[in-house]
Amino acid sequence: KVFNKTNIMVMLLSGIAINALSGSIIGFLVTISSDIELRSFTFWSLGGLDAAEWQIVFIMLILITIPYLCAHSLIKKLDIFMLGDSEAQHLGINIEKLKRTIILISSIMVGISVAFCGMIGFVGLVTPHLIRLCIGPNHKYLIPGSALLGAIIILISDLISKSIIAPAQLPLGVVTSTIGAPFFIWLIINKKGGFIILSSSLLKTHSVSFKVNDKVIIDNISFDVSNKDIVSIIGPNGSGKSTLIKIISHEINNYKGEIYFQNKTIPKWNINKLSQSRAILSQDNYLSFPFTALDVIKMGRFPYKEPNN
């Protein structure tokens, strides 16, 4: 902890240190192992279901079900936690206790799985993101959906590992890593469903200028806004604040320069996709017709319901 709070960087560095220590212990055990033990360790490190028998299945069922039920009891807290640490704390969530609980539950489930099945890579990384793409981030469906899809991926990968070079067999971890690594890289690059993007730049303007007749309103403006930044545009009346916002939102398009949103110029965006990725609150507060607040909120769902234009 740093200042009595869980620090992600410290936790990651601690994980690297523990991994290095564990690697040195494993290296020592490998050195003193016999050929049979070494071969067994090699296949275990690549993962597989070859040791599966009903006794092991029942043991794992009990040991995995208990922490799974504990995780499922936290679904509402996890949904709120997705809003961010501050927001969750304001809503009455003990953030540090929740983090410790989730880390403990995850460690128990992963440790048990690895102990019996070996290190099967990328299933735990890719599966939750696939579920989020299909049914959204609600943990009520995300947790059981991830468990079910993860099991399906393991079974399909096991079938492939036993069929692709039959009668020989590929280690299961080789198959899952071969499929999962490129897919995970694709998720990172394309930022589908709110995942990480390679560049931290969310909005960028380069040498933006605008004038009406011969009057210069905006003169060579360049700035870069990253994810999670909060930016205010401050200036006296008539200094071009509203005009700049209209240019950024592409309400005004006869400007000079370039505007990038998520590393793509605004004209290259499909209008529906752009509407799904950003929100603009107009300064106008007058409606010509007496819509209710609920009617206006429902209008915000239009880009998600209509086909791309």
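These figures come from a predicted structure and were not determined experimentally. Residue indices begin at 1 and follow the sequence shown.
- Here the CG atom belonging to Asn19 is positioned 8.5 Å from the CD1 atom belonging to Ile16, to the nearest 0.5 angstrom.
- Membership of the apolar cluster around Phe28 extends to Leu21, Ile25, Leu29, Ile32, as traced through chained side-chain contacts below 4.5 Å between ILVMFWY residues.
- In terms of heavy atoms, Pro67 sits closest to Ile105 at O-CG2, 3.4 Å.
- Atom CD of Glu53 is surrounded by more than 12 heavy atoms from other residues, nucleotides or ligands within 6.0 Å.
- Distance CD1/Ile252 to CD1/Ile248: 11.0 Å, rounded to 0.5 Å.
- Note: Leu61 CG to Thr65 OG1 = 4.0 Å, rounded to the nearest 0.5 Å.
- With sequence neighbours left out, Val114 forms a side-chain contact (heavy atoms from CB on, under 4.5 Å) with Trp44, Val110, Met119.
- Cluster note: Leu294 groups with no other residue, as no ILVMFWY side-chain heavy atom lies under 4.5 Å from it.
- Contacts classified as side chain to side chain donor-acceptor pair (under 3.5 Å) and involving residues 202-221 (residues at least two apart or in different chains) are given here: Ser207-Asn220.
- Counting heavy-atom neighbours within 6.0 Å of Leu125 CG, excluding the residue itself, gives a total above 12.
- Partners of Lys162 according to the salt bridge (charged side-chain N to carboxylate O under 4.0 Å, His left out) rule, which considers only residues two or more places apart in sequence or in another chain, are Asp158.
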Ignoring hydrogens and angles, write down the donor-acceptor pairs under 3.5 Å from the side chains of residues 71-81, residues two or more places apart or on other chains.
from: Ser73; atom 1: OG; to: Cys70; atom 2: O; distance (Å): 2.5
from: Asp79; atom 1: OD1; to: His139; atom 2: N; distance (Å): 3.0
from: Asp79; atom 1: OD1; to: His139; atom 2: ND1; distance (Å): 2.8

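- Every residue was checked against the ring pair (Phe, Tyr, Trp, His ring centres under 6.0 Å) condition with Phe223, not counting sequence neighbours, and none meets it.
- Within the structure, the side chain to side chain donor-acceptor pair (under 3.5 Å) test picks out the following pairs touching residues 25-37 (sequence neighbours left out): Ser34-Glu37.
- Ser249 contributes a side-chain N or O that, together with a main-chain N or O of Lys246, makes up a donor-acceptor pair within less than 3.5 Å.
- Phe116 and Val57 sit in two unconnected hydrophobic clusters of ILVMFWY residues. Membership requires side-chain heavy atoms under 4.5 Å apart, directly or through other members.
- Under a 4.5 Å side-chain heavy-atom cut-off, the cluster of Ile, Leu, Val, Met, Phe, Trp and Tyr residues that includes Tyr260 has no other member.
- In Tyr141, the OH atom is not crowded: 12 or fewer heavy atoms of neighbouring residues, nucleotides or ligands sit closer than 6.0 Å.
- Here the side chains of Thr265 and Ile259 are not in contact, with every heavy-atom distance at 4.5 Å or above.
- Cluster annotation: Ile247 is connected to Val212 through the hydrophobic network of ILVMFWY side chains, with a link wherever side-chain heavy atoms come within less than 4.5 Å.
- Although no hydrogens or angles enter the test, the distance criterion places a donor-acceptor pair under 3.5 Å between the side chain of Lys241 and the main chain of Gly235.
- In this structure, the side chains of Val174 and Ser161 stay at 4.5 Å or more apart for every pair of heavy atoms.
- The minimum heavy-atom distance linking Val123 with Ile154 is given by the pair CG2-CD1, 3.8 Å.
- Here Leu159 contributes atom CG and Ile164 contributes atom CD1; the two are 10.5 Å apart, rounded to the nearest 0.5 Å.
- For Ser177, the side-chain contact (heavy atoms from CB on, under 4.5 Å) partners are Phe122, not counting sequence neighbours.
- Here Ile156 contributes atom CD1 and Thr176 contributes atom OG1; the two are 12.5 Å apart, rounded to the nearest 0.5 Å.
- Considering every non-hydrogen atom in both Arg132 and Pro137, the closest pair reads CG-CA, 4.3 Å.
- For the side chain to side chain contact (heavy atoms under 4.5 Å, CB included) criterion with Ile153, the lone passing option out of Leu148, Leu130, Ile179 is Leu130.
- For Pro236, the side-chain contact (heavy atoms from CB on, under 4.5 Å) partners at least two apart in sequence or on another chain are Ser239.
- Residues Ile59 and Ile112 fall within the same hydrophobic cluster, defined by Ile, Leu, Val, Met, Phe, Trp and Tyr side chains chained together at heavy-atom separations under 4.5 Å.
- Residues Leu104 and Ile143 are members of one and the same hydrophobic cluster, defined by side-chain heavy-atom contacts under 4.5 angstrom among Ile, Leu, Val, Met, Phe, Trp and Tyr.
- Using a 4.5 Å cut-off on side-chain heavy atoms (C-beta onward), Leu202 and Gln262 make contact.
- Annotation: ring pair (Phe, Tyr, Trp, His ring centres under 6.0 Å) contacts of Phe261 (sequence neighbours excluded): Trp269.
- Put simply, the side chain of Lys256 does not reach to within 4.5 Å of the side chain of Phe210, judged on heavy atoms.
- Hydrophobic clustering (side-chain heavy atoms under 4.5 Å, transitive across Ile, Leu, Val, Met, Phe, Trp, Tyr) keeps Leu63 apart from Ile66.
- To the nearest 0.5 Å, atoms CG (Leu69) and CD1 (Ile64) are separated by 11.5 Å.
- Leu142 has its side chain out of reach of Ile135: every pair of non-hydrogen atoms, C-beta onward, lies at least 4.5 Å apart.
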